[in-house]
Amino acid sequence: MRFAIEEGALVFYHNGERTRIEAWGKDSLRVRSTMQGKFTENPWALTEDIPHGEALIVVEEEDHWVGDGTIDKKEKATITNGRIQAVVNFAGIITFYRDGQQILREYYRMYDGTLSRESRCLKVINRTWKGVIGGSEYELNVKFESSDGEKIFGMGQYQQPYLDLKGCTLELAQRNSQISVPFAVSSLGYGFLWNNPAVGQVTFGKNYTEWVARSTKEMDYWITAAQNPKEILQNYTAVTGRAGAFPEDRMGLWQCKLRYRTQDEVLTVARQYKAEGIHIDQIVIDFFHWTVQGDWKFDPVYWPDPKAMVDELHEMGIKVIVSIWPSVDRKSENFGPMMERGLLIRTERGAQQTYDYQGDCVEIDAFNPETRKYIWEVCKKNYYDLGIDGFWLDNSEPDFGVYDFEHYRYCEGPALSISNLYPQMFSRAFYDEMKDAGRGPVVNLLRCAWAGSQKYGNVVWSGDVPSTFEAFEDQLQCGLNMGLAGIPWWTTDVGGFMTDDVNDPDFQQLLIRWYQFAVYSAVLRMHGDRGPYNIPPLDTRDWGGGYLHTGQPNELWSYGEKNYAIMKKYYDIRISLHDYIKKLYDEASENGSPLIRTMFYEFPEDAACWELKDQYMFGEKYLVAPIFHLNQFEREVYLPAGRWKLTSTGEVFAGGKTVKVDAPIEYTPVFERL
């Protein structure tokens with residue numbers, strides 16, 4: 001082992017591996033390691049220009065008892081940055097401390113001649129590198145000791161009922177409705193960013209934590225120490241970026257369905273909302289309004305004058321957003337030029353195809369700056385210059401026909417090495433240009449994200465999830481963990497995406513419960529694929545805006561008068577909360593706080609709040625207890641210390657206990673903190 005101090009960083013060399021630890025933001029350290037002699041210098045998620053500060057570094061000798069009872073002198077190094085400290089021993093094992101208390105330690109089970117706990121004959125070491133045959137990358141495995149009683153949160157969005165991720169194995173890969181944002185918040189008072197976009201896996205096991213990157217050139221992680229989750233998020237978003245200002249004119253209702261097929265349909269819906277006295281902030285034009293995937297333009301047969309449509313919607317105060325997919329059909333007018341210029345994803349074997357829904361498609365290589373320029377120029381001409389306000393960047397994982405990541409390659413390298421960054425790069429094809437255009441805050445809708453995506457104007461929704469109460473409950477875990485991973489602008493399809501029969505009373509009950517939840521979330525957005533599919537296509541062509549099916553109506557009035565009355569009442573609640581919601585969006589910009597928050601985010605000293613996963617805080621003021629079961633009309637709610645008013649009745653409760661309250665279909669339990 002050889003230690004050195006280089007440019008304010010602690011550097012050490014061991015068994016061909018070079019490791020660097022340095023101060024990186026408040027009470028934080030960045031740790032990198034490579035077998036290739038030098039670092040790539042890729043910032044990945046650590047994009048912000050911040051003062052790194054000066055760390056205190058000490059290299060000294062310490063005593064070790066060896067097997068024969070004698071004492072051996074071995075060197076160790078310590079680096080301290082504010083509240084966090086890392087100690088590296090003679091074997092290169094790193095232990096992290098917060099205010100002198102151990103919070104994380106690399107896992108090591110190798111006999112070294114001493115009497116330490118790690119001195120075993122298992123030959124398991126803290127970091128292992130296995131060369132990828134035929135390439136310059138390695139498969140990397142990094143292990144840490146597990147701490148009994150620790151709880152782990154964040155990490156993005158996984159379709160499961162678990163808020164606490166301790167004991168879970170998570171794929172580090174992007175899929176439809178799965179979003180890998182590899183930042184974890186620990187109940188021990190630290191945050192940990194796996195700053196690596198490689199496809200892989202993490203296991204927060206009882207015996208150890210294991211991070212795996214299937215193809216990478218270096219290890220890169222960042223760790224911060226803080227008093228509570230709010231401070232952890234503040235430190236994390238300071239180095240990865242924070243969401244910008246959210247426009248006040250999009251804090252109300254977003255109207256969407258699968259799918260508005262003509263500009264007349266869009267205008268008819270907008271005019272009806274106006275007649276009903278309900279203002280919609282934004283209307284969303286979904287997929288296959290185009291001619292062919294990859295043409296990125298309106299089908300003129302059904303959208304003969306989109307500018308006139310946009311102008312009328314703007315006169316009503318309604319913003320317009322259109323769906324853009326990254327897939328390019330071989331029949332598209334853009335396929336030939338993009339293929340010739342190398343702007344599409346490449347395959348390692350066989351035919352070049354990455355996506356096969358409604359066409360033989362190859363998706364764009366969003367890592368290529370020429371690709372981003374090309375797609376923007378087309379979309380600017382065909383949409384943005386017509387007055388379109390934003391873009392729904394769907395399938396942004398991208399949604400591969402088969403998630404065989406080793407089969408795909410980008411201009412920047414193999415998909416195994418960088419694919420998790422794809423949705424962020426796709427979003428930047430639009431964000432960077434729209435920001436420069438100066439038409440106000442950029443707000444685009446995406447189905448996926450990665451660490452740092454919050455700074456690129458991304459409203460992220462939870463994907464194509466089933467219309468079931470089980471899926472509804474999962475979405476709360478998804479949203480809370482997304483917020484703890486630094487993504488505050490998060491939403492869902494109200495009622496779920498996949499519905500067989502809109503007339504089913506059970507579905508309508510689910511819809512109401514989901515809508516009530518959405519009112520107390522970042523974005524209130526009506527969307528879904530509503531069966532039954534008995535609406536005939538507009539024409540017999542096998543392409544263009546008229547051939548694909550559409551779902552049943554999905555406006556507030558589409559589900560009968562009783563349901564309409566409930567949704568209208570909750571719409572009024574949403575509008576009445578405008579100033580409060582603006583305050584929450586401002587907090588997200590100022591310190592990284594999510595809009596929907598775990599109970600322990602607001603009450604970290606209350607042990608009971610660390611156990612709750614079926615209720616949440618909407619900001620600091622409102623405690624929301626959604627209804628997650630069919631025909632459930634009462635539920636128990638835990639109230640932290642203080643005084644709480646049930647908004648449906650005005651009754652005031654003393655906190656520090658669990659109460660049972662009524663939950664008729666007209667109300668979901670919401671308590672105001674007094």
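Here Glu312 contributes atom CD and Leu267 contributes atom CG; the two are 4.5 Å apart, rounded to the nearest 0.5 Å.
Under 3.5 Å, the side chains of Asp474 and Gln159 contain no donor-acceptor pair of N or O atoms. Using modelled atom types and a 3.5 Å distance limit, the side chains of Gln255 and Tyr273 yield a donor-acceptor pair. For Gln174 and Gln178, the side-chain atoms include no donor-acceptor pair closer than 3.5 Å. A donor-acceptor pair shorter than 3.5 Å can be found between the side chains of Ser332 and Asp295. With no hydrogens or angles considered, no side-chain donor-acceptor pair links Thr550 and Arg259 at under 3.5 Å. A side-chain donor-acceptor contact under 3.5 Å links Thr492 and Trp514. Looking at Gln157 and Trp490, their side chains do bring a donor and an acceptor atom within 3.5 Å of each other. With no hydrogens or angles considered, no side-chain donor-acceptor pair links Gln160 and Gln477 at under 3.5 Å. A donor-acceptor contact under 3.5 angstrom links the side chains of Tyr547 and Gln358, judged on distance only. A donor-acceptor contact closer than 3.5 angstrom links the side chains of Asn395 and Tyr355. A donor and an acceptor atom, one from each side chain of Glu363 and Thr354, are located under 3.5 Å apart.
You'll find the ring centres of Trp325 and Phe287 inside the 6.0 Å limit. Aromatic ring centroids of Tyr410 and Tyr422 lie under 6.0 Å apart. Between Phe469 and Phe628, the ring center distance fails the sub-6.0 Å criterion. Ring centers of Trp392 and Trp254: at least 6.0 Å apart, outside the cut-off. No close placement of the Tyr616 and Tyr520 rings is indicated, their centers lying 6.0 Å or farther apart. You'll find the ring centres of Phe288 and Trp290 inside the 6.0 Å limit.
Sparse packing is recorded around NZ of Lys274, with 12 or fewer heavy atoms of other residues, nucleotides or ligands lying under 6.0 Å away. Summarising the local packing, CG of Asp500 is surrounded by 12 or fewer heavy atoms from other residues, nucleotides or ligands at distances under 6.0 Å. Around the OH atom of Tyr374, the shell of radius 6.0 Å holds more than 12 heavy atoms that belong to other residues, nucleotides or ligands.
For the pair Arg175 and Tyr403, the cation-pi test (distance below 6.0 Å, angle within 45°) is passed. Both tests do not hold together for Lys380 against Phe430: distance to the six-membered ring centre under 6.0 Å, angle to the ring axis within 45°. Stacking of Arg439 on the aromatic ring of Tyr384 is recorded, both the 6.0 Å distance cut-off and the 45° axial limit being met.
Between the side chain of Asn481 and the backbone N or O of Leu163 there is at least one donor-acceptor pair closer than 3.5 Å. Looking at Ser396, its side chain never comes within 3.5 Å of a backbone N or O of Pro398 through a donor-acceptor pair.
Of all heavy-atom pairs between Pro594 and Gly483, the closest is CB-CA, 3.6 Å. Taking every heavy atom of both residues into account, Gly294 and Asn334 meet most closely at O-ND2, 2.7 Å. Across all non-hydrogen atoms, the minimal contact from Cys361 to Ser327 is CB-CB, 4.0 Å.
Just one of Asn534, Asp529, Asn503, Asp501 meets the side chain to side chain donor-acceptor pair (under 3.5 Å) condition when paired with Gln552; it is Asn534. Tested against His289, the residues Tyr260, Tyr302, Tyr383 include a single ring pair (Phe, Tyr, Trp, His ring centres under 6.0 Å) partner, Tyr383.
By the salt bridge (charged side-chain N to carboxylate O under 4.0 Å, His left out) test, Asp264 pairs with no residue at all, sequence neighbours left out. Residues satisfying the ring pair (Phe, Tyr, Trp, His ring centres under 6.0 Å) criterion with Tyr570, sequence neighbours excluded, are absent altogether. Residues forming a side chain to side chain contact (heavy atoms under 4.5 Å, CB included) with Asp356 (at least two apart in sequence, or on another chain): Gln353.
Inter-residue side-chain proximity for Arg635 and Asp614 is flagged as met; some heavy-atom pair is nearer than 4.5 Å. Contact of the Thr647 side chain with the Ile573 side chain is not registered, since no non-hydrogen atoms from C-beta on lie closer than 4.5 Å. Contact annotation: the side chain of Arg513 approaches that of Ile665 to within less than 4.5 Å [non-hydrogen atoms, C-beta and beyond]. Side-chain contact between Val269 and Ile283: present, with at least one pair of heavy atoms (C-beta onward) separated by less than 4.5 Å.
A salt bridge links Glu370 and Arg341; the closest N-O separation between the charged side-chain nitrogens and carboxylate oxygens is under 4.0 Å.
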